[in-house]
Amino acid sequence: MQNDSSIRLGLCCIFHDQPIKFRNTTVKAISNMDSDAALAKLSGLCFANAEALLASLQFCAKTGIGCFRINSQILPIKTHSECGYDILHLPDGDEIVQQFKLCGKFAKDHDIRTCFHPDQFVVLNSPRPEVVERSIAELEYQAEVAEWVGADVVNIHGGGAYGDKIDALARFARNLSRLSDRARNRLTVENDDTTYTPSDLMPVCRAEGIPLVYDVHHHRCNHDELSVEEATEQAIGTWNREPMFHISSPIEGWDGPKPKRHHDFIDVHDFPDCWSGRRLTIEVEAKAKEVAVLKLKKQLSEQWFVYILRCADGSLYTGITNDLERRFKQHNAGTASRYTRSRLPVILEYHEEARSKGAALKRELAIKALSRQAKEKLILLCDD
């Protein structure tokens with residue numbers, strides 16, 4: 001894939017190297033302060049986080065990162081039963097809202113998508129009414145901020161199975177009616193790595209008009225009858241706007257003891273071929289944060305080739321390169337390969353593009369394993 005501008009990569013919440021920090025507090029700290037001091041502190045934290053969000057979006061614009069996931073605690077302890085607050089009741093509450101709206105304008109002007117992913121305690125299908133109440137309060141709060149900044153996704157997991165997936169998903173669907181329009185219209189649901197697969201969620205997505213955020217790592221851990229290609233197609237069909245997917249890689253590899261755990265970076269081999277060339281937002285869930293996003297961005301933009309040379313003795317040589325013209329000159333100069341050095345000159349007979357270096361290496365091995373007759377046939381097909 002060469003400079004695939006159709007893929008929008010997303011950074012999740014915080015930074016690894018950049019000095020951009022979001023501030024938080026604890027219920028205990030706020031509870032130990034008098035009311036005026038507590039509200040003043042919360043106001044300062046909220047305003048600082050709005051400024052940090054703008055700095056985050058500016059970094060994304062500068063580096064070509066196309067999406068930023070906003071931390072669920074952007075307004076610290078906003079929905080806590082005892083210490084929660086209305087933003088307009090804080091000192092300088094209006095200014096805080098305006099600062100967030102400034103972030104929204106910047107994001108729109110620079111084509112940066114924003115989104116939310118509420119914490120795991122947000123469970124719409126819980127059989128416990130108090131859990132559902134807290135979940136709805138959290139979704140409404142994040143939808144309010146999403147409205148200020150222009151975010152179009154508030155993404156949650158399906159929740160628990162509670163012994164009966166069908167009944168649990170029916171309860172999920174019923175509770176959707178309790179959401180405001182701004183929360184309901186932004187709500188998406190994601191397949192997880194233990195309970196709900198894409199095929200589990202697809203019926204409720206279609207029936208209720210909820211987009212599916214397809215997490216390919218989760219699907220590989222918690223698989224169903226769908227292939228990655230089939231799940232991709234079906235997930236895209238649930239969206240009425242640009243689809244959003246997730247990618248991550250296992251820290252110890254797919255054969256490791258805990259493949260659910262996320263790596264610092266993305267193994268480019270884990271990026272599905274069927275995602276290439278599509279208009280998608282891909283949130284990168286990797287511990288190295290912006291470093292991982294930018295590394296993957298570079299890998300996906302590289303152009304790699306697999307090629308076949310015909311040597312002076314008639315033998316065929318297969319190799320890979322990210323600069324076909326330069327590599328061909330190196331071969332004929334005798335500086336590219338010990339094999340071709342003694343069989344000059346060489347002629348470029350065949351080449352094909354590969355999505356990444358890894359894909360090129362796999363294809364190179366496949367071509368090398370072909371018979372001479374099969375390689376000649378490949379060359380003839382290229383000529384045609």
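The first residue of the sequence shown is numbered 1, and numbering continues consecutively from there.
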J.: Looking only at the side chains, is there a donor atom on one of S248 and H217 sitting less than 3.5 Å from an acceptor on the other?
T.: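 Judged by distance alone, the side chains do pair up.
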J.: So L212 and T188, side-chain contact (heavy atoms from CB on, under 4.5 Å) or not? Walk me through it.
T.: CA-CA 6 Å; L212 178 70; T188 62; over 6 Å; no
J.: Scan side-chain atoms only and decide if E290 and H16 contain a donor-acceptor pair under the 3.5 Å cut-off.
T.: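 Distance-only check fails for E290 and H16.
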J.: What about I156 and V131, same hydrophobic cluster or not, with Ile/Leu/Val/Met/Phe/Trp/Tyr joined at side-chain heavy-atom distances under 4.5 Å?
T.: no
J.: Check the angle between the aromatic planes of F68 and F22 and answer parallel, tilted or perpendicular using the 30° and 60° thresholds.
T.: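 Taking F22 first and then F68, their aromatic rings lie parallel (interplane angle under 30°).
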J.: Just do the salt bridge (Lys or Arg N to Asp or Glu O under 4.0 Å) check on R134 and E130 with the steps written out, would you?
T.: CA-CA 6 Å; R134 289 198 299 268; E130 67 275 17; 5.7 Å; no
J.: Could you tell me whether the side chain of N332 and the main chain of L344 form a donor-acceptor pair under 3.5 Å?
T.: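 Such a contact is absent between N332 side chain and L344 backbone.
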J.: So that I can tick it off, tell me whether E140 and K78 are bridged by a salt bridge, with the cut-off set at under 4.0 angstrom between side-chain N and carboxylate O.
T.: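 Salt bridge absent between K78 and E140.
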J.: Does the T238 side chain pair with the main chain of P211, one donor and one acceptor, at a distance under 3.5 Å?
T.: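 Not at all, since once roles are kept as given, no pair shorter than 3.5 Å links the two residues.
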J.: Spell out, yes or no, whether V268 and L9 are grouped together once hydrophobic residues are joined by side-chain heavy atoms under 4.5 Å, including indirect joins.
T.: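 Yes, because V268 and L9 connect within a single hydrophobic cluster, where side-chain heavy atoms sit under 4.5 Å apart.
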J.: Working to the nearest 0.5 Å, report the span between CG of L316 and NZ of K375.
T.: 6.0 Å
J.: Does E376 come within less than 4.0 Å of R310, counting only side-chain N to carboxylate O?
T.: yes
J.: Judged by atom type as modelled, is there a donor-acceptor pair below 3.5 Å linking the side chain of R186 to the main-chain atoms of A151?
T.: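 Pair found, side chain donor or acceptor close to backbone of A151.
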J.: Taking atom CG of L90 and atom CD1 of I96, what is their separation to the nearest 0.5 Å?
T.: 5.5 Å
J.: Evaluate the ring pair (Phe, Tyr, Trp, His ring centres under 6.0 Å) criterion for residues H351 and W304: first the C-alpha distance (whole Å), next the side-chain angles of each, then the deciding distance (0.1 Å), finally the verdict.
T.: CA-CA 10 Å; H351 70 273; W304 284 87; over 10 Å; no
J.: Would T197 and N222 count as having a side-chain donor-acceptor pair, cut-off 3.5 Å?
T.: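 Checked: T197/N222 side chains show no N/O donor-acceptor pair below 3.5 Å.
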J.: Is any side-chain heavy atom of R113 closer than 4.5 Å to a side-chain heavy atom of V153?
T.: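 Yes, at least one pair of side-chain atoms sits under 4.5 Å.
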J.: To the nearest 0.5 Å, what is the distance between SG on C205 and CH2 on W239?
T.: 9.5 Å
J.: Salt bridge or not between R69 and E285? Use side-chain N to carboxylate O under 4.0 Å.
T.: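 E285 and R69: salt-bridged.
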J.: Which pair of heavy atoms, one from R326 and one from T321, lies closest together, and at what distance?
T.: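 For R326 and T321, the tightest heavy-atom pair comes out as NH2-OG1, 4.3 Å.
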J.: If two hydrophobic side chains count as joined below 4.5 Å and joins carry through other members, does V132 share a cluster with Y162?
T.: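 No; tracing contacts between hydrophobic side chains, which count when under 4.5 Å, never links both residues.
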J.: Establish whether L169 and L226 are linked, either directly or via other cluster members, by ILVMFWY side-chain heavy-atom contacts under 4.5 Å.
T.: no
J.: Can you list the steps and then say if L11 with V284 is a side-chain contact (heavy atoms from CB on, under 4.5 Å)?
T.: CA-CA 6 Å; L11 170 62; V284 178; over 6 Å; no
J.: Are the charged groups of K368 and E364 less than 4.0 angstrom apart, N to O?
T.: yes
J.: Under the criterion side-chain contact (heavy atoms from CB on, under 4.5 Å), which of V154, T79, D119 is the partner of S72?
T.: D119
J.: To the nearest 0.5 Å, how far apart are CG in D267 and CD1 in I251?
T.: 13.0 Å
J.: Under 4.5 Å between side-chain heavy atoms, hopping through other hydrophobics if needed: is there a path connecting I320 to V346?
T.: no
J.: Output the distance between atom CG (L187) and atom CG (L139), rounded to the nearest 0.5 Å.
T.: 6.0 Å
J.: Would you say the side-chain atoms of Q99 and E95 include a donor-acceptor pair closer than 3.5 Å?
T.: no
J.: Quick one: do E233 and R278 make a salt bridge, cutoff under 4.0 Å?
T.: yes
J.: Looking at K165 and T195, would you say the former's side chain and the latter's main chain have a donor-acceptor pair under 3.5 Å?
T.: yes
J.: Is there a donor-acceptor pair under 3.5 Å between the side chain of R182 and the backbone N or O of A146?
T.: no
J.: Pick from Q234, E190, H219: which one makes a side-chain hydrogen bond (donor to acceptor under 3.5 Å, both in side chains) with Y214?
T.: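 That would be H219.
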J.: For the CZ atom on R241, are there more than 12 heavy atoms of other groups (residues, nucleotides or ligands in this structure) within a distance under 6.0 Å?
T.: yes
J.: Going through the distances and angles, do R178 and E133 end up as a salt bridge (Lys or Arg N to Asp or Glu O under 4.0 Å)?
T.: CA-CA 10 Å; R178 301 177 59 184; E133 291 292 340; 2.3 Å; yes
J.: Within this structure, what is the CD1-CZ distance for the pair I210 and R184, rounded to the nearest 0.5 Å?
T.: 4.5 Å
J.: So, do L102 and L54 sit near enough that their side-chain heavy atoms are less than 4.5 Å apart?
T.: yes
J.: Does any non-hydrogen side-chain atom of L57 lie less than 4.5 Å from one of H110?
T.: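 H110 vs L57: side chains apart.
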J.: Is a side-chain N or O of R343 found less than 3.5 angstrom from the main chain of Y317, in a donor-acceptor match?
T.: no
J.: Mind checking whether F59 and F15 have parallel, tilted or perpendicular rings, split at 30° and 60°?
T.: perpendicular
